[in-house]
*Asks:* 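Can you keep this structure in mind? I'll have questions shortly.
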Amino acid sequence: MSYLILSAIVIGFSFLYERLQNERQVSKGIRRFFCVFISLALCLFAGLRTAYNDTSNYIYDFYHTTDDFASIFEGKFSLSTVYLFKIWNFVIYNYISKTSFVYLFLSAMVFVVPSVFLVDKYSKNFALSMVLFMFGGMYLFSLAGLKQAMATGVIMLGLPSLFNKKYLGYYLTCIVALGFHAYSIFFLVVPLLGVEVFNKRTVLFCILVVGMGLLLSFFSGAISAIVEFLGKEVEEETLLSGSVNVLRALVFAVPLVLTIMGSKGLKEVTDTEKWFIKIGILSSIFMVLALFGNPILFGRIPQYFLIGIVVTMPILIQNAFTKADGSIILFIAVACYTVYGVYSLYTAGAFSRDIFRLLWF
């Protein structure tokens, strides 16, 4: 229930902000106020939680952070050791605060602030994008996986470099993100796919990913080797066990369908919007892969690219439908994503117990 209250506050302020934008009553000060307030609310909630998914493990590890900096680098080098994440913990614990609230709050800032400001800068409909952010899984996932969320936040800081064709800066950001989670490596391929949404490289890459999913049993040995290179040992049987929820996969497929429906109108969008659309497509395609393999190993990859869907859904609706139908579709999108978000909370047990166990409440 606490998450619904937070969502109501964030989305309510988002709709108010969107209305002011439409009436052209937004100064730099007002814009800054709304973005900071929304970011503060999201970071505060994240900092106050003491449970949900791996949160308790992160808190436990934080309370057992070493005071010997050199010990962070002991043992064999591995990407999965996430050295920058350990350095982050070390600095906060030894020099800032030993409380979990400060630790989780500051960690959330690395993800939340870039997310909100990217949505504010590039989305055609801030309110709809924030509905997707709260109920489409992006923010909720950040509460489940701290390392993954921080890695995503670092990557989002580097996206403007990609948009401005400063590829060296972008790749350096990706390398930094690897210090928080090894899955950041997937973002290295994005510049190689080119700007145009449905160019040959992008289509071929998508076909290869889907084909890998369909023939996962044949590729399990190679994938196990890749996972081992990233620093984790996974049995081939584990790769093939389980699957993501089909409803979740269908929700992630919607942006891809809309992109295809409105492909003719994509010629008129900016290069930056094309990059975001491409990132959203990758989120959809990687979710297809997760249909055929372990949901823990594969189901988290699409979350890294979800910012593409969050930002471009208003553009995709605008391109796929007429202006008259677009308003109706926007309303339907808000309703459907809200229902999906509530369903996700229900399946997580949010209505039968306190899954976040917030402090101070």
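Keep in mind that this is a model prediction, so the values were computed, not measured.
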*Asks:* Using modelled atom types and a 3.5 Å cut-off, is there a donor and acceptor pairing between side-chain atoms of Asn94 and backbone atoms of Thr66?
*Replies:*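 Yes.
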*Asks:* Does Val244 reach the side chain of Met287, with side-chain heavy atoms less than 4.5 Å apart?
*Replies:*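 Yes. Closest side-chain heavy atoms under 4.5 Å.
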*Asks:* Out of curiosity, Leu146 CG to His181 NE2, how far, rounded to the nearest 0.5 Å?
*Replies:*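 Here the rounded value is 10.5 Å.
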*Asks:* In terms of relative ring orientation, are Phe101 and Phe105 parallel, tilted or perpendicular, with 30° and 60° separating the classes?
*Replies:*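 Rings of Phe101 and Phe105: tilted, as their planes differ by 30° to 60°.
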*Asks:* Without swapping roles, check the side chain of Ser107 against the backbone of Tyr103 for a donor-acceptor pair under 3.5 Å.
*Replies:*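 Checking the backbone N and O of Tyr103 against the side chain of Ser107, a donor-acceptor pair under 3.5 Å is found.
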*Asks:* If you group Ile, Leu, Val, Met, Phe, Trp and Tyr by side-chain heavy-atom gaps below 4.5 Å, do Val203 and Leu214 land in one group?
*Replies:*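 The answer is yes; both residues are in one hydrophobic cluster.
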*Asks:* Going by atom types alone, do Thr99 and Ser97 pair a side-chain donor with an acceptor below 3.5 Å?
*Replies:*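 Judged by distance alone, the side chains do pair up.
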*Asks:* Hey, what do you get for OG (Ser115) to CD1 (Ile38), rounding to the nearest 0.5 Å?
*Replies:*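 Going from OG on Ser115 over to CD1 on Ile38, the span is 12.0 Å.
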*Asks:* Report yes if some heavy atom in the side chain of Tyr343 is under 4.5 Å from a heavy atom in the side chain of Thr338; otherwise report no.
*Replies:*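 Tyr343 does not reach Thr338 side chain to side chain.
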*Asks:* Could you go through Leu178 and Val82, starting from their C-alpha distance and side-chain angles, then the distance that decides it, and tell me whether this counts as side-chain contact (heavy atoms from CB on, under 4.5 Å)?
*Replies:* CA-CA 7 Å; Leu178 284 171; Val82 290; over 6 Å; no
*Asks:* Counting distance only, does the side-chain N/O of Asn199 pair as donor-acceptor with the main-chain N or O of Leu193 below 3.5 Å?
*Replies:*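 Looks like yes, one N/O pair under 3.5 Å.
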*Asks:* Which atom names give the shortest non-hydrogen contact between Trp88 and Val110, and what distance separates them?
*Replies:*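 So the two residues come closest at CH2-CG2, 3.8 Å.
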*Asks:* Rounded at 0.5 Å granularity, tell me how far CZ in Phe133 sits from OG in Ser123.
*Replies:*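 Result: 12.5 Å between the selected atoms.
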*Asks:* Under 6.0 Å from the CD atom of Glu23, do we count more than 12 heavy atoms belonging to anything else shown?
*Replies:*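 Counting neighbours around CD of Glu23, more than 12 heavy atoms of other residues, nucleotides or ligands fall under 6.0 Å, so yes.
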*Asks:* Are Val197 and Leu162 grouped together when hydrophobic residues (ILVMFWY) are joined by side-chain heavy atoms under 4.5 angstrom apart?
*Replies:*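 Shared cluster, yes.
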*Asks:* Mind listing the closest non-hydrogen atom pair of Ala320 and Met261 along with its distance?
*Replies:*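 Minimum heavy-atom separation between Ala320 and Met261: CB-CB, 4.0 Å.
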*Asks:* Quick one: does NZ or CZ of Lys147 land under 6.0 Å from the six-membered ring centre of Phe180, within 45 degrees of the ring axis?
*Replies:*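 Negative - Lys147 is either too far from the ring of Phe180 or too far off its axis.
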*Asks:* Find the distance between CG (Leu266) and NZ (Lys278) and round it off to the nearest 0.5 Å.
*Replies:*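 Spacing of CG (Leu266) from NZ (Lys278) equals 10.5 Å.
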*Asks:* Decide yes or no for Leu208 and Leu204: does some side-chain heavy atom of the first lie under 4.5 Å from some side-chain heavy atom of the second?
*Replies:*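 SC-SC contact between Leu208 and Leu204 confirmed.
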*Asks:* Would you say Ser283's side chain and Pro302's backbone share a donor-acceptor pair under 3.5 angstrom?
*Replies:*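 Side chain of Ser283 to backbone of Pro302, a donor-acceptor pair under 3.5 Å: yes, one is there.
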*Asks:* Would you say the side chain of Tyr170 lies within less than 4.5 Å of the side chain of Leu159, judging by non-hydrogen atoms?
*Replies:*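 A side-chain contact under 4.5 Å exists here.
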*Asks:* Tell me whether Tyr340 contacts the main-chain N or O of Val251 through its side chain, where contact means a donor paired with an acceptor under 3.5 Å.
*Replies:*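 No; zero donor-acceptor contacts below 3.5 Å.
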*Asks:* Classify the angle between the aromatic ring planes of Phe276 and Phe163 as parallel (below 30°), tilted (30 to 60°) or perpendicular (above 60°).
*Replies:*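 Tilted: the ring planes of Phe276 and Phe163 meet at 30° to 60°.
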*Asks:* Anything under 30° is parallel, anything over 60° is perpendicular, the rest tilted; go ahead and classify Phe356 against Tyr3.
*Replies:*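 Geometry flag for Tyr3 against Phe356: parallel rings.
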*Asks:* Would you say that Ile309 contacts Leu132 through its side chain, given a criterion of any heavy-atom pair below 4.5 Å between the two side chains?
*Replies:*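 They are in contact (side-chain heavy atoms under 4.5 Å apart), so the answer is yes.
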*Asks:* Taking side-chain contact (heavy atoms from CB on, under 4.5 Å) as the criterion, tell me which of Met150, Met138, Gln148 meets it with Phe111.
*Replies:*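 Looking at Met150, Met138, Gln148, the match for Phe111 under the side-chain contact (heavy atoms from CB on, under 4.5 Å) is Met138.
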*Asks:* Is it the case that the side chain of Thr55 and the backbone of Arg49 share a donor-acceptor pair, with hydrogens and angles ignored and the cut-off at 3.5 Å?
*Replies:*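 No; zero donor-acceptor contacts below 3.5 Å.
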*Asks:* Mind listing the closest non-hydrogen atom pair of Gly136 and Leu306 along with its distance?
*Replies:*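 Heavy atoms only, the tightest pair is O-CD2, 3.9 Å.
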*Asks:* Taking all atoms of both residues into account, what is the closest heavy-atom pair of Ile59 and Ser100, and its distance?
*Replies:*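 Answer, listing the atom of Ile59 first, then Ser100: CG2-CB, 3.9 Å.
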*Asks:* Between Thr312 and Thr259, is there a side-chain heavy-atom distance shorter than 4.5 Å?
*Replies:*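 A side-chain contact under 4.5 Å is absent here.
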*Asks:* Would you please test Ile328 and Phe321 for side-chain contact (heavy atoms from CB on, under 4.5 Å) and show each step?
*Replies:* CA-CA 10 Å; Ile328 299 175; Phe321 301 94; over 6 Å; no
*Asks:* Walk me through whether Phe331 and Val334 qualify under side-chain contact (heavy atoms from CB on, under 4.5 Å).
*Replies:* CA-CA 5 Å; Phe331 176 80; Val334 170; 5.8 Å; no
*Asks:* Evaluate the side-chain proximity of Met134 to Tyr337: yes if any heavy-atom separation is below 4.5 Å, no if none is.
*Replies:*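 No, their side chains stay 4.5 Å or more apart.
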*Asks:* Using ring centroids (six-membered ring only for Trp), state whether Phe73 and Phe69 fall under 6.0 Å.
*Replies:*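 When the ring centroids of Phe69 and Phe73 are compared, they turn out to be within the sub-6.0 Å range.
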*Asks:* Describe, in one word, how the ring planes of Phe90 and Tyr95 are oriented to each other, choosing from parallel (under 30°), tilted (30 to 60°) and perpendicular (over 60°).
*Replies:*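 Perpendicular: the ring planes of Phe90 and Tyr95 meet at over 60°.
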*Asks:* For Asn245, is there any backbone N or O sitting under 3.5 Å from a side-chain donor or acceptor partner on Arg248?
*Replies:*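 Judged by distance alone, no pair lies under 3.5 Å.
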*Asks:* Could you please spell out the steps behind the side-chain contact (heavy atoms from CB on, under 4.5 Å) verdict for Ile30 and Ser27?
*Replies:* CA-CA 5 Å; Ile30 293 177; Ser27 63; 3.5 Å; yes
*Asks:* So, Tyr304 versus Phe187, ring centres under 6.0 angstrom or not?
*Replies:*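 For Tyr304 and Phe187, the ring centres are not under 6.0 Å apart.
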*Asks:* To the nearest 0.5 Å, what is the distance between OH on Tyr167 and OG on Ser161?
*Replies:*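 Between atom OH of Tyr167 and atom OG of Ser161 there are 11.0 Å.
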*Asks:* Strictly distance-based, threshold 3.5 Å: is any side-chain N or O of Lys86 a donor or acceptor partner for the main-chain N or O of Ser71?
*Replies:*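 Not confirmed, Lys86 side chain does not pair with Ser71 backbone.
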*Asks:* If you measure from CZ on Phe85 to CG on Asn89, what distance do you get to the nearest 0.5 Å?
*Replies:*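 Interatomic distance, Phe85 CZ to Asn89 CG, rounded to 0.5 Å: 4.5 Å.
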*Asks:* Grouping I, L, V, M, F, W and Y whenever their side-chain heavy atoms are under 4.5 Å apart, do Leu330 and Ile332 come out in a common cluster?
*Replies:*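 Linked within one cluster.
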*Asks:* Using atom types as modelled and distance alone, determine if a side-chain donor or acceptor of Thr173 lies under 3.5 Å from a backbone N or O of Gly169.
*Replies:*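 Checking the backbone N and O of Gly169 against the side chain of Thr173, a donor-acceptor pair under 3.5 Å is found.
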*Asks:* Counting only heavy atoms not in Arg357, do more than 12 fall under 6.0 Å of its CZ?
*Replies:*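 No, the 6.0 Å shell around CZ holds no more than 12 heavy atoms from other groups.
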*Asks:* I'd like to know whether OH of Tyr346 has more than 12 heavy-atom contacts from other residues, nucleotides or ligands below 6.0 angstrom.
*Replies:*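 No, the 6.0 Å shell around OH holds no more than 12 heavy atoms from other groups.
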*Asks:* Looking at Lys124 and Glu273, is any side-chain nitrogen of the basic one under 4.0 Å from a carboxylate oxygen of the acidic one?
*Replies:*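 Yes.
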*Asks:* Of all heavy-atom pairs between Ala350 and Ile355, which one has the smallest distance, and what is that distance?
*Replies:*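 Minimum heavy-atom separation between Ala350 and Ile355: CB-CD1, 3.7 Å.
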*Asks:* Tell me, do Tyr139 and Val112 make a side-chain contact under 4.5 Å, heavy atoms counted?
*Replies:*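 A side-chain contact exists here, since the closest heavy-atom pair is under 4.5 Å.
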*Asks:* For Gln21, check side-chain hydrogen bond (donor to acceptor under 3.5 Å, both in side chains) against everything at least two apart and list the hits.
*Replies:*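 Applying side-chain hydrogen bond (donor to acceptor under 3.5 Å, both in side chains) to Gln21 gives Tyr17.
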*Asks:* Among Phe305, Phe292, Tyr183, exactly one meets ring-ring contact (aromatic ring centres under 6.0 Å, His included) together with Phe286. Which residue is that?
*Replies:*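 Going through the options one by one, the only one that passes is Phe305.
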*Asks:* Is there a chain of hydrophobic side chains (I, L, V, M, F, W, Y, each step under 4.5 Å between heavy atoms) that links Leu316 to Ile260?
*Replies:*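 The answer is yes; both residues are in one hydrophobic cluster.
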*Asks:* Hydrophobic clustering (ILVMFWY, side-chain heavy atoms < 4.5 Å, transitive) - are Phe62 and Leu44 grouped together?
*Replies:*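 They do share one cluster, since a chain of ILVMFWY contacts under 4.5 Å joins Leu44 to Phe62.
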*Asks:* With distance as the sole test, does Lys98 use its side chain to make a donor-acceptor pair with the main-chain N or O of Tyr93 at under 3.5 Å?
*Replies:*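 A pair under 3.5 Å: yes.
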*Asks:* Taking all non-hydrogen atoms of both residues, which atom of Met212 and which atom of Leu289 are closest, and how far apart?
*Replies:*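 Closest approach of Met212 to Leu289: C-CD1, 4.2 Å.
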